[in-house]
Amino acid sequence: MPIVVDIDVMLAKRKMSVGELAERVGITPANLAVLKNGRAKAVRFTTLAALCEVLECQPGDLLRWESTENSTENG
């Protein structure tokens, strides 16, 4: 999937565990793991906003787009 989730990076920067983040955001550790590991099909804006609030970051710090092509865009 071309959307990469970088929650691990922000967790390391904030020295926070997955369990603590899940508790503070109000989601289960299992659901956070699904999101963190890139297996989620969607994320609610309320969840994204809560993650950003707790981690004191912007949505772009947690999500990024990565091309699936190998530099063959110009044909």
Side-chain angles (χ1 to χ4, degrees):
M1 173 182 257
I3 300 297
V4 179
V5 181
D6 287 327
I7 291 176
D8 283 340
V9 174
M10 292 307 298
L11 282 171
K13 286 182 179 180
R14 302 296 185 251
K15 296 182 171 80
M16 188 180 298
S17 70
V18 172
E20 180 182 353
L21 179 60
E23 183 178 326
R24 291 178 63 183
V25 169
I27 62 176
T28 66
N31 283 341
L32 181 57
V34 168
L35 179 60
K36 184 175 76 72
N37 295 325
R39 295 188 317 258
K41 301 266 188 236
V43 61
R44 292 177 189 237
F45 283 154
T46 53
T47 302
L48 183 58
L51 287 166
C52 290
E53 182 177 354
V54 171
L55 293 170
E56 298 178 351
C57 66
Q58 294 295 311
D61 296 325
L62 301 177
L63 303 172
R64 64 186 160 88
W65 178 81
E66 197 171 85
S67 176
T68 56
E69 297 181 16
N70 294 328
S71 301
T72 58
E73 296 172 17
N74 293 330

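- Of the inter-residue distances, the one linking Glu53 atom CD with Leu48 atom CG reads 12.0 Å to the nearest 0.5 angstrom.
- To the nearest 0.5 Å, atom NZ of residue Lys13 and atom CG of residue Leu11 are 11.5 Å apart.
- Asp61 has its side chain out of reach of Leu55: every pair of non-hydrogen atoms, C-beta onward, lies at least 4.5 Å apart.
- If you chain together hydrophobic residues whose side chains sit under 4.5 Å apart, Val5 and Met16 fall into the same group.
- Val43 and Val18 fall within the same hydrophobic cluster, where Ile, Leu, Val, Met, Phe, Trp and Tyr residues are linked whenever their side-chain heavy atoms come under 4.5 Å apart, directly or through other members.
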Show me the donor-acceptor pairs within less than 3.5 Å that the side chains of residues 32-40 make with the rest of the protein, sequence neighbours left out.
residue : atom : partner : partner atom : Å
Lys36   : NZ   : Asp8    : OD1          : 3.2
Asn37   : ND2  : Ala33   : O            : 3.0

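- Between Cys52 and Pro59, the closest heavy-atom pair is SG-N, 3.5 Å.
- Using a 4.5 Å heavy-atom threshold, the side chains of Asn31 and Thr47 count as separate.
- Each of Leu63, Thr46, Ile7 was evaluated against Leu51; a single residue qualifies, Ile7, per the side chain to side chain contact (heavy atoms under 4.5 Å, CB included) test.
- Other residues, nucleotides and ligands contribute only 12 or fewer heavy atoms inside 6.0 Å of the CD atom of Glu23.
- With hydrogens and angles ignored, the 3.5 Å screen pairs no side-chain donor or acceptor of Arg14 with any backbone N or O of Val54.
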